[in-house]
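Every heavy atom of this structure was used, including side-chain atoms; hydrogens, water molecules and symmetry mates were not. Residue numbers start from 1 in every chain, and the chains themselves are labelled A, B, ... in the order their sequence lines are given, proteins ahead of strands.
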Number of protein chains: 2
Amino acid sequence: MPKDQSQESHTAPAVQDGQQCDRIKEVLSRVGDRWSVMIIFSLGRGTMRFNEMKRYLGISQRMLSLTLKALERDGLVQRTLHPTVPPRVDYDLTDLGRSFCEPVYAMGRWALDNLDNIDRSRAAYDAAQED
Amino acid sequence: MPKDQSQESHTAPAVQDGQQCDRIKEVLSRVGDRWSVMIIFSLGRGTMRFNEMKRYLGISQRMLSLTLKALERDGLVQRTLHPTVPPRVDYDLTDLGRSFCEPVYAMGRWALDNLDNIDRSRAAYDAAQED
DNA sequence: TGTGACTGGTATCTATTCGACACCACCTAG
DNA sequence: CTAGGTGGTGTCGAATAGATACCAGTCACA
């Protein structure tokens, strides 16, 4: 419950007024973790299979399984089992998942553009600490 | 190490070819966690003080302290100590932090727009599981 | 003159979560 | 017969998050 909403004379940029902030927090808690973002990110390229993602992302089988299940439950990812021999499982983004791609890519692009800035900041901070 | 880069006939949207993906993963591991995003999100509204953020976000003191320190190290957040009595500490975004706001807000906006979709998906998924 | 609450933290202890590993059934190649 | 692929689940120790206590100092209330 936000206590001090009275002095927002700043550059309030978007949607926000307290209970909305709570809902955002709620959603980000669900889909805002590292592996969810990474999975959405790579599925944006197209269909992937379980072990393919595992190798590509360097994620443990357990976390991949759990995260994919959660994303499927949230309606971002679709799981398709092909009853061949051996059985083959494809993972794709749903429409909802694809719409989530845009903000995820925006973050990815920012990450790429600013990795060097962050590294410089870190080095400067660490150097300053050594006094 | 991506193994299968050959069949990207899909809507490959942005920067990506393996080692770039690794760097994105690296940055997202740093600033992509829930509390970092939430802190950037609320600092986007303007200067905040330590306990103000603590109350607003519902974060523990320890995590707030640690996350702010990490964000300061990464150059996204600036800490200003006013040597008054009692001492007062202000937290602001740096220019780098403000540039990060855009993708963060994009995610927040998506979260807000799609919370209901996610809830419906979850309910449907859970109902289907009960067979 | 306590005592309760505020400031911005740190230290500690515990609960949750994560990742490594083993295991499953089944198939194929050597 | 063994090694490796498929897509997972179960277990266990380590890392991590959150709750709580505590710090030094100041203020208001009674």
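Taking both residues in full, the closest heavy atoms of B/Arg45 and B/Tyr105 are given as N-OH, 4.0 Å, listed atom of the first, atom of the second, then distance. When every heavy atom of A/Gly108 is checked against every heavy atom of A/Phe41, the shortest pair comes out as CA-CE1, 3.9 Å.
When rounded to the nearest whole Å, the span between CD of B/Glu52 and C1' of C/dC6 equals 14 Å. Distance B/Tyr91 OH to C/dG8 P: 8 Å, rounded to the nearest Å. The distance between atom CG of B/Asp33 and atom P of D/dA15, rounded to the nearest whole Å, is 19 Å. Distance CZ (A/Arg88) to P (C/dT28): 16 Å, rounded to an integer number of Å. The distance from atom CE of B/Met38 to atom P of D/dA17 is 16 Å, rounded to the nearest whole Å. Rounding to whole angstrom units, CG of residue A/Asn51 and P of D/dG8 are separated by 9 Å. If you measure from atom CZ of B/Arg49 to atom P of C/dG9, you get 11 Å, rounded to the nearest angstrom. The distance between atom CE of A/Met53 and atom C1' of D/dG7, rounded to the nearest whole Å, is 13 Å.
OP1 or OP2 of C/dC18 has not a single side-chain nitrogen or oxygen of A/Trp35 nearer than 4.0 Å. For C/dC6, the OP1/OP2 oxygens have no side-chain nitrogen or oxygen of B/Arg55 closer than 4.0 Å. Taking side-chain N and O atoms only, B/Arg34 has a distance below 4.0 Å to OP1 or OP2 of D/dG18.
Between B/Leu112 and A/Val27 there is no side-chain heavy-atom pair separated by less than 4.5 Å. The side-chain heavy atoms of A/Leu96 and B/Trp110, taken from C-beta on, include a pair separated by under 4.5 Å. The shortest distance between side-chain heavy atoms of A/Met53 and A/Ile39 falls below 4.5 Å.
Contacts of A/Asp95 classified as side-chain contact (heavy atoms from CB on, under 4.5 Å), with partners at least two apart in sequence or in another chain: A/Arg98. Take A/Trp35 and apply the ring pair (Phe, Tyr, Trp, His ring centres under 6.0 Å) test, not counting sequence neighbours, and it matches no residue. B/Arg49 is linked by a side-chain contact (heavy atoms from CB on, under 4.5 Å) to B/Glu52, B/Arg88, B/Asp90, counting only residues two or more places apart in sequence or in another chain.
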Listing, residues 63-78 of chain B side-chain donor-acceptor contacts under 3.5 Å, not counting sequence neighbours, or none:
unit_1: B/Thr67; atom_1: OG1; unit_2: B/Met63; atom_2: O; d: 2.6
unit_1: B/Arg73; atom_1: NH1; unit_2: A/Asp126; atom_2: OD1; d: 2.5
unit_1: B/Arg73; atom_1: NH1; unit_2: A/Asp126; atom_2: OD2; d: 2.4
unit_1: B/Asp74; atom_1: OD1; unit_2: A/Arg122; atom_2: NE; d: 2.6
unit_1: B/Asp74; atom_1: OD1; unit_2: A/Arg122; atom_2: NH2; d: 3.3

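Residues of residues 63-84 of chain A having a heavy atom closer than 4.0 Å to DNA chain C, listed by number: A/Met63.
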Nucleotides 20-25 of chain C: which of its N/O atoms have a protein N/O under 3.5 Å away?
none

